[in-house]
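Throughout, protein chains are lettered first and strands after them, A, B, ... in sequence-line order, and every chain is numbered starting at 1.
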Amino acid sequence: KAGVTQTPRYLIKTRGQQVTLSCSPISGHRSVSWYQQTPGQGLQFLFEYFSETQRNKGNFPGRFSGRQFSNSRSEMNVSTLELGDSALYLCASSAASGGGTQYFGPGTRLLVL
Amino acid sequence: EDQVTQSPEALRLQEGESSSLNCSYTVSGLRGLFWYRQDPGKGPEFLFTLYSAGEEKEKERLKATLTKKESFLHITAPKPEDSATYLCAVLVGAAGNKLTFGGGTRVLVKP
């Protein structure tokens, strides 16, 4: 089975711009979760989508949003980028939303200048 | 608030020198504890899931154990390819897939 794929792998943006990241889960998986990883804060949960519905949301401002499509692919959007948004954004997929193993993609490295 | 603490932050080992990594947690309603390995510039790679105190899982040179307050990841006779950051995460709450991660332990195994 193919693993979780994320596009693009690298992005450079400037402050104030917006960005959209994409995640394709493992075939058959219906839950997609997003995490932000920074050297200072480590890995932090952003939100989870299951069957096109947001199930959980972490403590991030409303500039961070996401959605999931009927084929389980997910996108996350960050508007009005700030320097502190520079991070590795990771997507994880799971078969269900009931606590099964989450498998991570390679991440998208975002640099905000 | 749910808290996960990993120690030590960094560990330098000689090849063949066994050691243990600790993950202590303060949470309500633990539904599972996960161990991941992360290489630089890559996403975390799943290693183990533990669900209840007393449970143990093994894979090659790695063995994970779980008690009511902490988990240990034992590395037996490590090799340089075991060098990585090891992350533990807990799943709590009634539903959903939100993982709360510890800060990780950076392991360097020297030949």
Got more than 12 heavy atoms from elsewhere within 6.0 Å of CZ, B/Arg31? yes
Using a 3.5 Å distance criterion without hydrogens, assess whether the side chain of A/Tyr35 forms a donor-acceptor pair with backbone atoms of B/Leu99. yes
Look at B/Gly43, B/Gly32, B/Gly41, B/Pro44 and state which one has the largest set of heavy-atom pairs under 4.5 Å with chain A. B/Pro44
Please name the pair of heavy atoms, one in A/Thr101 and one in B/Phe46, separated by the smallest distance, quoted to 0.1 Å. CG2-CD1, 3.4 Å
Side chain, backbone, both or neither: which part of A/Gln37 has a non-hydrogen atom closer than 4.5 Å to chain B? side chain
Path from B/Ile75 to B/Leu11 over hydrophobic side-chain contacts below 4.5 Å: yes
Should A/Val19 and A/Phe60 be regarded as members of a common hydrophobic cluster, given that ILVMFWY residues are connected when their side-chain heavy atoms come within less than 4.5 Å of each other, either directly or indirectly? yes
Verdict with supporting geometry, B/Lys98 and A/Arg55, side chain to side chain contact (heavy atoms under 4.5 Å, CB included): CA-CA 9 Å; B/Lys98 175 185 175 182; A/Arg55 291 295 304 269; over 6 Å; no
How about CG on A/Asn59, more than 12 heavy atoms from neighbouring residues, nucleotides or ligands closer than 6.0 Å, or not? no
With hydrophobic residues grouped by side-chain heavy-atom distances under 4.5 Å, do B/Phe101 and A/Tyr89 end up in a single group? no
Which one wins on heavy-atom pair count under 4.5 Å against chain B: A/Gly58, A/Gly42, A/Pro106? A/Pro106
With a 6.0 Å cut-off (strictly less than), is the heavy-atom count around CG of B/Leu108, excluding the residue itself, greater than 12? yes
Nearest-0.5 Å distance that lies between atom CZ in A/Phe104 and atom CD in B/Gln38: 8.5 Å
From CA spacing to verdict: side chain to side chain donor-acceptor pair (under 3.5 Å), A/Ser33, B/Asn97: CA-CA 7 Å; A/Ser33 298; B/Asn97 279 343; 5.0 Å; no
Top contributor to chain B interface from A/Leu46, A/Asn56, A/Val4 [non-hydrogen pairs under 4.5 Å]: A/Asn56
Of the backbone (N, CA, C, O) and the side chain (C-beta and beyond), which part of A/Ala96 lies under 4.5 Å from a heavy atom of chain B, both, or neither? backbone
Of the backbone (N, CA, C, O) and the side chain (C-beta and beyond), which part of A/Gln102 lies under 4.5 Å from a heavy atom of chain B, both, or neither? both
With clusters defined by side-chain heavy atoms of hydrophobic residues (ILVMFWY) lying less than 4.5 Å apart, directly or transitively, does A/Phe50 cluster with A/Trp34? no
For residues A/Ile26 and A/Leu21: do they belong to one hydrophobic cluster (side chain heavy atoms under 4.5 Å, members Ile, Leu, Val, Met, Phe, Trp, Tyr)? no
Under 4.5 Å heavy-atom distance to chain B, tell me which part of A/Leu43 shows up: side chain, backbone, both or neither. both
